[in-house]
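Owing to the predicted nature of the structure, the values given are computational and were not obtained by experimental measurement.
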Amino acid sequence: QVQLVESGGGLVQAGDSLRLSCAASGRTFTNYVMGWFRQAPGKEREFVAAMKWSGVTEYYADSVKGRFTISREDAKNTVSLQMNRLKPEDTAVYYCAAQSFPSFYSSSYYYRPNEYEHWGQGTQVTVSS
């Protein structure tokens with residue numbers, strides 16, 4: 001079965017950088033969309049970034065555009081989230097997610113956490129001011 005394992009979270013100061021990694025296994029992910037979501041205490045899970053495993057288009061939430069970058073490493077079957085210029089409001093548990101969307105689905109579905117079937121356990125990111 002699909003297994004997603006996140007790593008790389010931690011405690012940093014505002015303005016610092018962190019790189020999260022998601023090791024994916026259990027399936028060939030060529031036709032999958034890989035997403036990063038986050039959830040802060042008392043808030044709903046929200047979209048951060050996504051990309052098709054076999055594509056080049058990247059999708060970002062407005063709040064992270066220009067600061068975060070999603071990428072993949074095919075040889076390691078890993079999807080990463082490079083987070084720069086971190087802000088206290090970026091503090092949350094970050095989750096990796098995977099879903100095989102039908103080809104006729106619009107990219108609007110990639111932003112919806114309820115559309116993803118497979119999730120990692122999450123990694124905590126805390127940004128102090």
Side-chain angles (χ1 to χ4, degrees):
Q1 70 275 19
V2 173
Q3 187 172 18
L4 304 173
V5 179
E6 303 97 335
S7 61
L11 171 63
V12 297
Q13 293 187 330
D16 286 350
S17 298
L18 269 180
R19 186 177 182 88
L20 306 183
S21 293
C22 172
S25 62
R27 196 159 297 180
T28 300
F29 291 91
T30 306
N31 297 320
Y32 276 68
V33 172
M34 306 300 294
W36 283 98
F37 292 80
R38 66 188 181 185
Q39 188 165 18
K43 295 187 176 181
E44 294 186 352
R45 192 167 297 189
E46 65 174 8
F47 171 80
V48 176
M51 69 181 303
K52 290 184 177 180
W53 192 279
S54 59
V56 297
T57 304
E58 300 164 14
Y59 305 87
Y60 296 98
D62 288 342
S63 59
V64 307
K65 204 170 293 184
R67 299 188 298 122
F68 290 11
T69 303
I70 187 172
S71 62
R72 69 178 185 277
E73 296 180 59
D74 293 338
K76 297 182 179 179
N77 235 35
T78 298
V79 175
S80 297
L81 184 69
Q82 177 66 41
M83 306 186 295
N84 297 329
R85 302 197 308 276
L86 282 161
K87 304 175 181 180
E89 51 263 43
D90 294 319
T91 295
V93 177
Y94 283 70
Y95 297 90
C96 177
Q99 182 61 31
S100 178
F101 289 95
S103 58
F104 57 85
Y105 271 37
S106 76
S107 59
S108 64
Y109 285 83
Y110 305 168
Y111 296 75
R112 307 175 190 177
N114 290 342
E115 296 293 334
Y116 288 76
E117 178 181 359
H118 308 289
W119 292 86
Q121 82 288 351
T123 186
Q124 177 71 47
V125 172
T126 303
V127 185
S128 64
S129 57

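- Note: Met51 CE to Thr57 OG1 = 8.5 Å, rounded to the nearest 0.5 Å.
- Heavy-atom minimum distance, Ala40 versus Ala92: N-CB, 3.8 Å.
- Follow the hydrophobic side-chain contacts under 4.5 Å out from Val33 and you never reach Val79; the two are in separate clusters.
- Among all heavy-atom pairs drawn from Ser80 and Glu73, the shortest one is OG-OE2, 4.0 Å.
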Check against side-chain contact (heavy atoms from CB on, under 4.5 Å), Leu81 and Thr69: CA-CA 6 Å; Leu81 184 69; Thr69 303; over 6 Å; no
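- With Tyr116 as reference, Phe101 is the one residue of Tyr109, Tyr111, Phe101 to meet the ring pair (Phe, Tyr, Trp, His ring centres under 6.0 Å) rule.
- Distance check: Asn114 CG to Glu44 CD gives 9.0 Å after rounding to the nearest 0.5 Å.
- Across all their heavy atoms, Leu4 and His118 have their closest contact at CD1-O, 3.6 Å.
- To the nearest 0.5 Å, atom CG of residue Leu86 and atom CZ of residue Arg67 are 6.5 Å apart.
- Two different hydrophobic clusters hold Tyr32 and Phe37 under the rule that ILVMFWY side chains link at heavy-atom gaps under 4.5 Å.
- Among all heavy-atom pairs drawn from Met34 and Cys96, the shortest one is CE-SG, 4.2 Å.
- Separating the OG atom in Ser128 from the CG atom in Leu11 is a distance of 5.5 Å, to the nearest 0.5 Å.
- Sorted pairs that involve residues 95-105 and meet side chain to side chain donor-acceptor pair (under 3.5 Å), not counting sequence neighbours, are lacking altogether.
- Every residue meeting the side-chain contact (heavy atoms from CB on, under 4.5 Å) condition with Thr91, not counting sequence neighbours, appears here in chain and number order: Gln124, Thr126, Val127.
- Side-chain N or O atoms of Gln39 include one that pairs as donor or acceptor with a backbone N or O of Lys43 at under 3.5 Å.
- In the model, Thr28 has no side-chain atom that pairs as donor or acceptor with a side-chain atom of Thr30 under 3.5 Å.
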Pair Ser17, Gln82 - check side-chain contact (heavy atoms from CB on, under 4.5 Å), show working. CA-CA 7 Å; Ser17 298; Gln82 177 66 41; 3.9 Å; yes
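- Salt bridge status for Asp62 with Lys65: present, with a side-chain N to carboxylate O gap under 4.0 Å.
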Would you please test Trp36 and Phe47 for ring pair (Phe, Tyr, Trp, His ring centres under 6.0 Å) and show each step? CA-CA 7 Å; Trp36 283 98; Phe47 171 80; over 10 Å; no
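- If you take CD on Gln121 and CD on Gln3, they are separated by 9.0 Å, rounding to the nearest 0.5 Å.
- Taking CD of Gln13 as the start and OG of Ser129 as the end, the distance is 9.0 Å to the nearest 0.5 Å.
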Please report the C-alpha distance between Met83 and Arg19 in whole Å, then the side-chain angles of each, then the deciding distance to 0.1 Å, and finally whether the side-chain contact (heavy atoms from CB on, under 4.5 Å) criterion is met. CA-CA 6 Å; Met83 306 186 295; Arg19 186 177 182 88; over 6 Å; no
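- For residues 49-68, the ring-ring contact (aromatic ring centres under 6.0 Å, His included) pairs, not counting sequence neighbours, are Phe29-Trp53, Tyr59-Tyr110.
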With side-chain contact (heavy atoms from CB on, under 4.5 Å) as the criterion, how do Ser63 and Arg38 come out once you've worked through the C-alpha distance, each side chain's angles and the decisive distance to 0.1 Å? CA-CA 12 Å; Ser63 59; Arg38 66 188 181 185; 3.5 Å; yes
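- Between Arg85 and Asp16, none of the side-chain N atoms (NZ, or NE/NH1/NH2) sits under 4.0 Å from a carboxylate O, so this pair counts as no salt bridge.
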